[in-house]
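Step one of this worksheet: look at the structure below.
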Amino acid sequence: MDGIVLRTDPNLDAQVRHLGYEPVNSGVDKTDKELLAESQDRLSRIIEVPDNQLSSFRNKHLGLAREIARKLRASVDIVAADIPPASDRVRTAAVYHRRNRRIYIDLNRLDSAQYTTEAVVHELAHFFTDAEDGEPVHKQSMGDTAGKVVSMANSGQLDDCLVGVRW
Amino acid sequence: MSQIVGYDYDDLQLALGAVDTDIGANDACDISLCMTGNEGEICYGLDQLYQEAVGQGFRLTYPKCTPFDGFYECSFRVARPVNSVGANGQTYTGNPLLVALAPIITTVLTGGLIAFGVAKVKDISNAIMPILLTIIGGGIIMAAMLRPTVNAAAQKAITRYLPANYLADNEFASEAKELWRKACEYEGIEPGSGFVSFSENNPYMKMYDMAMGKSIRMAKLQAGQAGPDIARMEIEKARQKRREMNQANIDLGDGLNVDSEDTAAQSFRLFNAASLPIRFSIKPREITEDEARDVASKAIAVMFDFGAWKGLNAIQLEDYIRPVIRDAASNYGKWFLNNDPAKPAIGILASLHPNGFIVFPVFDRQWRVNPATYDEEHSVLKDLELSVSEEQEAVDAYKARKALAVLADDQQTAKLYAHISGEEQTHKKEFEQRILEKMSGDKRIDYLPDSAAYLAETVIDSGWREELDKTFSSAIKRVNA
């Protein structure tokens, strides 16, 4: 049945749900681990896009994301990328790669400063906590990070990056 | 101000009720309404109103509808012409002297001029033009005299429906005043005091709370006043979302009642919206007094909405709200009360009124308001009232969600306390699990992940996204100005 996988490890439930699936205890062959492996495989096909191939708007929005990370003292690279969907039920806006400490933001999300900011807040929360999607600590960190970003925007610290952006 | 300002179709009817009762022949009243929905829905609502109003013998001007902030402000004038027939068959003849004088004056003037013309020029043909002008002028005078005008009667119609005036005659308010007096008497304190601390064994305490809660509720029912902007906008968002979800429900056919679930989710989204500035406050001392007032008023408005939706009485609402207030007070209370953590709730409430005094009896049983000064404070409270339409909508939603009451209740509890404890994810899991258990075996299980995700994510995640949106929209506008 669509949208359901067999639960083999309850600890994976949050990640499964993040991929648009629901873990159940019986009645389906595909397991949660298979789903996650499939997702990893899809995400391994991320293609980085150099800055000089981006439109003016996308470059500005990427610059905003980088400035946010810099001001939050997050030693992480942020690059544009063509990201395949992590599952057949969700689209993937951005990915944080732990090993190389790099945040990939999908080209489509770079079309709007709003999408870009939301994506970078989400991924920075991964960077700060090392937690998976759906874990309470990640969720808490998203709120905290967003709070700091809001504070920066309110105090004018991001003004230079906001000139000519498209929200 | 000779104007009834209302919100949506139910207020139109309320306004019509007021007009019908208090406006006589030759009177008029301006009505201005904040209407929601698409153009078709608004036309339909206005059409209903016009038919009803005309049936009651009113004459209405064509409405002016101006879009603003996702709403339409529709303004028009309702008038009761002389010799119109009301809904119950009664005839409105107006002031008999005025009605009689108008044609008499016109006739005398016209006749006099004709006589003058004939006497002076001996030839009637030379006086035709002055006669015609006089007839026209006389007609205008007569029409002006009989034209309905906005006057004291309209003013009466308005004030009759203001909460403060209603409360003056409200039996619950009278009961509350009496119980207040008895409670003070029991404690041996002066009933004229402002804030009073009752002991837990005071036998009149709970009765007072109940009476005051009912009083406020009744006032809300009668007020027909729009809520503050934040609540109004949130409610509009909820309606929009519900429309979308209703459509989704229709598309799915029979099955999961998305509408009622959405309502449940929205209620908590309101909480989230209200508490967001608190969560985002960096340090208490960086908050200005205006900001604090703003937050507190939003929070109170949202809580009103929640209470109405839940059908809670004052004491029950208090039980729900207390942890939220406590949480909020951890920031604001300190700021207001010089770091005294003992009375945080009062810090929030006091922020609502310039004199540091607020009428709101549901939050903390230790602190109550003197009903003798209730009306004085009511201008503050009035701004926080939700309209009758919201109230009714909330009640309808409450009834509608019976089918999924268990789930909805779980979600309410989960979110409310999750917000305080920071255990959102745990409660979200539990809630989703309950949905799955409840719906296991249902053919529509493939829809559930989306539904559960919507319910949980909307409530929990939407907050910071909204705050980002608000802040950056404003910052970008400022920078690029």
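Sequence lines set the chain letters: A, B, ... in the order given, protein chains first and strands last, and positions in each chain run from 1.
Contact detail for B:Leu468 and A:Ala146: the closest heavy-atom pair is CD2-O, 4.2 Å. Summarising the geometry of A:Gly164 relative to B:Asn480, their closest heavy-atom pair is N-OD1, 2.8 Å, with the distance given to 0.1 Å. For A:Ala153 against B:Ala475, the heavy-atom pair with the smallest separation is O-CB, 4.2 Å.
Surrounding OH of A:Tyr115 are at most 12 heavy atoms belonging to other residues, nucleotides or ligands under 6.0 Å away.
Of the atoms belonging to A:Gln114, it is side-chain heavy atoms, and not backbone ones, that fall under 4.5 Å from chain B. B:Asp469 touches chain A through backbone and side chain together, each having a heavy atom under 4.5 Å away.
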Kindly indicate, with the supporting measurements, whether the criterion side chain to side chain contact (heavy atoms under 4.5 Å, CB included) is fulfilled by B:Phe472 and A:Val149. CA-CA 9 Å; B:Phe472 273 84; A:Val149 174; 3.5 Å; yes

Would B:Arg478 and A:Asp159 count as a side chain to side chain contact (heavy atoms under 4.5 Å, CB included) if you check the C-alpha gap in whole Å, the side-chain angles of each, and the deciding distance to 0.1 Å? CA-CA 9 Å; B:Arg478 171 173 50 79; A:Asp159 280 4; 2.8 Å; yes

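Here the CG-NZ distance, from A:Leu162 to B:Lys477, works out to 13.5 Å after rounding to the nearest 0.5 Å.
A:Asp29 is linked by a side chain to side chain donor-acceptor pair (under 3.5 Å) to nothing, counting only residues two or more places apart in sequence or in another chain.
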